Each structure stands twice: as structure tokens, then as C-alpha cells.
Amino acid sequence: MGRTGVLLLNLGGPEKLEDVRPFLYNLFSDPEIIRLPFPWLQKPLAWLISTLRSKKSEENYLEIGGGSPLLQITEAQAQALQSKLSGQGSDIQVYVGMRYWHPFTEEAIARIKEDGIEKLVILPLYPQFSISTSGSSFRVLEEMWKTDPQLQKIEYTLIPSWYNHPDYLSAMADLIKQELQQFEQPEKVYIFFSAHGVPKTYVTEAGDPYQVEIEECTQLIMKTLNTGNPYILAYQSKVGPVEWLKPYTEDALEELGAKNIKDLLVVPISFVSEHIETLQEIDLEYREVAEEVGISNFKRVPALNTHPMFIDALTNLTTSALEETPLRFDQVTHPKKNMKMYPQEKWEWGLTTVAEVWNGRLAMVGFLALLIELISGHGPLHLVGLL
Ligand SMILES: C=CC1=C(C)c2cc3[nH]c(cc4nc(cc5[nH]c(cc1n2)c(C)c5CCC(=O)O)C(CCC(=O)O)=C4C)c(C)c3C=C
Ligand SMILES: [Fe+2]
Ligand SMILES: [Fe+2]
């Protein structure tokens, strides 16, 4: 057998404050994150959004020590997987490829080629598939494969999702059990699954299986846990004016507060590593919301990081994938059609989402006018001969 590798895919995160703006620019340049009717608008809009968002985002990263721990944790996961595989006698090299920051997926592929890898398992570190996460990384790889004869010689296989893997479910149940023990009455604690949100149209129009996989995953974890605790699923981290999957985490917290729930255990379900959305958004922002609505005992389950059962899951996923029929890029979900970024078309008066949308559209026109003026030295009215 030729040389074998595993490519772990993740999103990437800024390691220091100066990285935040270029990281956000890379993220918003991705049509899988913001899908626009005109591809030529993608880069100017990415520049605009990353410029406008970077200050708030930098403040958030400052609250967690000035950068994301995602790379450090992903490297520790890769190292643990490598050791486990070699302990089993498998000579498999593990690589890390990030979508929006270093080491980029392209850098990992360059190393895979240099090392003469002949067989490759592509394993996203997202338990559930979304076109915005695993799908986006697969698209980048698919494009590289199409144009690179050297890559075409590598026998690859994809693992689109693994939210139902028994070792992953046991690891999640184990972490939840440990945290439940910290409460006085563990059986009465409300378990709050907080999944990362995506725009609703990803699911309803583009065919993203994400919501179904998240819902199934939650049920499977509860079945594995087998404690009978009450539970709820909500979606966090909404960005922009369009509707995302509901209920939103902040609304669900308010509802539970109104029901007089005091003991709450949050389980981040779309992530396997600590990062800004666990350390800052859940631990600081959502904790504040919870406390304001009377949820006085708010705890969170840590991310899996290098939990031994989770590393077992990654090991078994890798070895099984090498034995099974390979899965190719054209066999996994691709977005069905262009999604509208702003689905609301009916006008409503007041400070509504529709108003926000139109403000945004008018701001875009202004921004493009500014861009034309910067490039040409003349404003658009000059260019069309009106001035
Ligand atoms: C704007 C749209 C976004 C979608 C859709 C989205 C989906 C999505 N993201 C993750 C996991 C991560 N996201 C991270 C950072 C991040 N994501 C967005 C936006 C969308 N994500 C932004 C703007 C950012 C930057 C942080 C911020 O300013 O809020 C990260 C990295 C975090 C870190 O520690 O640096 C991860 C991981 C999932 C799982 C997901 C959909 C299922
Ligand atoms: Fe994200
Ligand atoms: Fe996010």
C-alpha cells in the first residue's frame, strides 16, 4: 500500500488581533457564507463587511485572550489521532487544512503532494454537514482536484458527516454526565443544545441537510445519555438581517427564564473545539442573557477537544473510510441553486428587517459609487455624462 494520509478540515480562526480583519475578509469572500446574485459583488462586499465588523469582532477576540485557540486545539487533535493510528500499527500521516486562515487547505494539499500521499481520507471536524462548512471546504478541494493532474492520481474518500458515530455520541454523553454531576439535582437540570445557526434558505432552498442532522444528533445524544432530563435545541451566532434557523438561542433562553428554569446546562453541538463561539458567545454573552432572565445556575459542557473517546471516533472513522467504497466530491451535497441573500420583499414601515435590507442596498449603491470614484477619479454621474 502506498503512503496514506488524513486531511482534517476546519474553519480556522485569527491567532492575533491583526489577523481578525483579513480572516473576516476571507470568510465573507466565500459564496457559501454569503451567496450573492452577482459574483463580482462578492469581494467588495466582503471588504465592506469585514471592515465594518472587525472592530466588534476584535473586541470579542480580546475577551478570550486576543485570538482564537482553534488552531492549537486542532493541532492537538491531529497529534492525538496520529499517535492513536500509529499505536494501532497504521502508518498514516495527519494534515490540518483550514478554510479561512492558516494553515490554509491549499497549504495542506501542497504538503500532501510533497509527501507523495497516494491514498487520502478527507475528514471535516464538523460532526454535521452544512454547505457553509464542510461543503465549502469540499468545494475548494473539488476545484483543486479538477485542475491538478498530480492530485487526480490520489485515491481520496470523503466523510461528509459523522454526527451519529457511536464513539462521538459516547464522548458527548460522557462530557454531559460529568457536568450534570456539578448540579445539586442533576436529573432536574434543563439541557440546552446550542447549535451554530445557518440562514434558513440554506435548508429550505439550497438543500442543506444541516438542520435534519442537528436534530437527529440531539436525539441520539439524549438517547445515549439516557437520563430523562428535559432538553431543548436552539441556534446561535446569527449574522446579518436574513432569517436563520429558529429558535434563536437568546429567545429560547428568555422562554426558559419565563418558565422559571434555574438550572441550565448548555451543550455546544456544532463544534468539537473551544473557540470564540463557546468561550465568548456562550460563556459571556448568553450567560448574561440567562442571568438577566433569572436562570441563576448556568453551566456549559466543554468542547470535545482531545477527549479520548472523541479521538477514538476520529480513528475509527479514518480506518473504516479506508476499508469502504470511496465517496467522491460529486456524491456529496452541493447547493441546489443560488440563494437570495435577502428573502424579504414585502415592504413594512418602521425599523424592520425590510428597512434594514433596503438601508443595506442603498448603502451598497453608495459604496459602489465611492469605489467607482476612487478608481476613475470621477463620480458615477460624471461617468454617465450627467455632470
Ligand atoms: C455569516 C455567516 C456565517 C455562517 C453561515 C456560519 C456558519 C458556521 N460557522 C461555524 C463555525 C465557526 N464559525 C467561526 C467564525 C465565524 N463565523 C462567522 C459567520 C458565519 N458562520 C463569522 C463572522 C465568524 C468570525 C467570528 C465573528 O466575528 O463572529 C469559527 C471560528 C471561531 C474562532 O475561534 O475564531 C468557527 C469554528 C459553523 C459550525 C457553522 C455552520 C454550521
Ligand atoms: Fe461561523
Ligand atoms: Fe459564527
Side-chain angles (χ1 to χ4, degrees), residues 8-17 19-36 42 45-46 48-74 77 96 98-102 124-137 160-161 163 193-203 206 208-215 217 235-245 268-285 303-305 333 335 339 341-342:
L8 299 179
L9 300 172
N10 211 331
L11 190 129
E15 286 171 89
K16 46 190 190 312
L17 291 184
D19 300 342
V20 172
R21 186 136 63 117
F23 162 75
L24 289 176
Y25 175 78
N26 292 342
L27 187 135
F28 288 113
S29 299
D30 181 359
E32 253 70 69
I33 288 285
I34 293 187
R35 191 158 284 257
L36 298 173
Q42 194 83 41
L45 195 69
L48 185 69
I49 302 175
S50 57
T51 305
L52 294 176
R53 193 181 166 87
S54 60
K55 190 168 171 283
K56 180 76 199 105
S57 199
E58 279 169 21
E59 282 166 15
N60 292 344
Y61 280 102
L62 203 57
E63 287 187 316
I64 63 163
S68 172
L70 193 65
L71 176 60
Q72 230 182 322
I73 298 169
T74 310
Q77 288 163 337
V96 170
M98 300 292 195
R99 179 67 183 85
Y100 308 117
W101 203 244
H102 302 277
L125 288 177
Y126 308 101
Q128 309 83 14
F129 182 91
S130 167
I131 52 177
S132 61
T133 53
S134 309
S136 170
S137 289
S161 64
Y163 64 90
F193 288 97
S194 191
H196 198 295
V198 295
K200 193 177 159 197
T201 53
Y202 284 30
V203 175
D208 199 335
Y210 180 70
Q211 187 178 18
V212 169
E213 296 195 3
I214 283 283
E215 286 172 0
C217 181
Y235 294 90
Q236 67 174 84
S237 316
K238 181 180 181 296
V239 178
V242 299
E243 185 181 351
W244 281 36
L245 295 180
I269 193 182
S270 321
F271 323 114
V272 296
S273 316
E274 297 297 353
H275 65 292
I276 196 153
E277 282 150 354
T278 54
L279 301 169
Q280 196 277 333
E281 202 169 3
I282 300 179
D283 290 357
L284 304 177
E285 285 184 30
L304 288 164
N305 295 341
T333 309
M339 288 160 293
M341 187 182 169
Y342 300 126

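Predicted model only: the values in this text are computed from it and were never measured. Remember, it's 1-based here, ligands and their atoms both numbered in the order they're listed. Along the sequence shown, residues carry numbers from 1.
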- Task: Return yes when Y100 approaches ligand 1 closer than 4.0 angstrom through a heavy atom, no otherwise.
- Result: no
- Query: Is the shortest distance from a heavy atom of S237 to ligand 1 less than 4.0 Å?
  - Reply: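 Judged by the 4.0 Å heavy-atom criterion, S237 does not count as contacting ligand 1.
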One residue to check: [X]. Relative to ligand 1, which of side chain, backbone, both or neither has a non-hydrogen atom less than 4.0 Å away?
X    : answer
L24  : side chain
N60  : neither
E277 : side chain
Q128 : neither

- Message: If you compare all heavy atoms of Y25 against all heavy atoms of S29, which two are closest, and at what distance to 0.1 Å?
- Response: O-OG, 2.6 Å
Do [X] and [Y] have side chains that approach each other closer than 4.5 Å (heavy atoms only, starting at C-beta)?
X    : Y   : value
E285 : N60 : yes
N10  : V96 : no
T51  : R21 : yes

- Item | Any donor-acceptor N/O pair, Q77 side chain to Q72 backbone, under 3.5 Å | no
Which of the atoms in ligand 1, numbered in the order shown and given with their element, are less than 4.0 Å from a heavy-atom of [X]?
X    : answer
I33  : 1 (C), 2 (C), 3 (C), 4 (C), 6 (C)
V198 : 41 (C), 42 (C)
G13  : 35 (O)
P14  : 35 (O)

- Message: Please enumerate all residues that pass side chain to side chain donor-acceptor pair (under 3.5 Å) together with Q236, with sequence neighbours excluded.
- Response: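 Expected list: S194, E281.
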- Any Lys/Arg nitrogen of E59 or K56 sitting under 4.0 Å from an Asp/Glu carboxylate oxygen of the other? yes
Which one of [options] has a non-hydrogen atom at the shortest distance from [atom]?
atom                    : options             : answer
atom 19 (C) of ligand 1 : L70, T278, D19, L27 : L27
atom 11 (C) of ligand 1 : R53, E58, H196      : H196
atom 28 (O) of ligand 1 : S50, S57, G12, S273 : S57

Backbone or side-chain N or O of [X] under 3.5 Å from ligand 1 N or O:
X    : answer
W244 : no
S132 : no
S68  : yes
I276 : yes

- Positive for side chain to side chain donor-acceptor pair (under 3.5 Å) with Y210, one of S270, S134, S161: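 It is S270; the other options fail the test.
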- Message: Under the rule for side-chain contact (heavy atoms from CB on, under 4.5 Å), what residues qualify as partners of D19, not counting sequence neighbours?
- Response: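 side-chain contact (heavy atoms from CB on, under 4.5 Å) list for D19, sorted by chain: P14, E15, K16, W101.
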- Query: Hey, is NZ on K238 packed in by over 12 heavy atoms from elsewhere, all under 6.0 Å?
  - Reply: yes
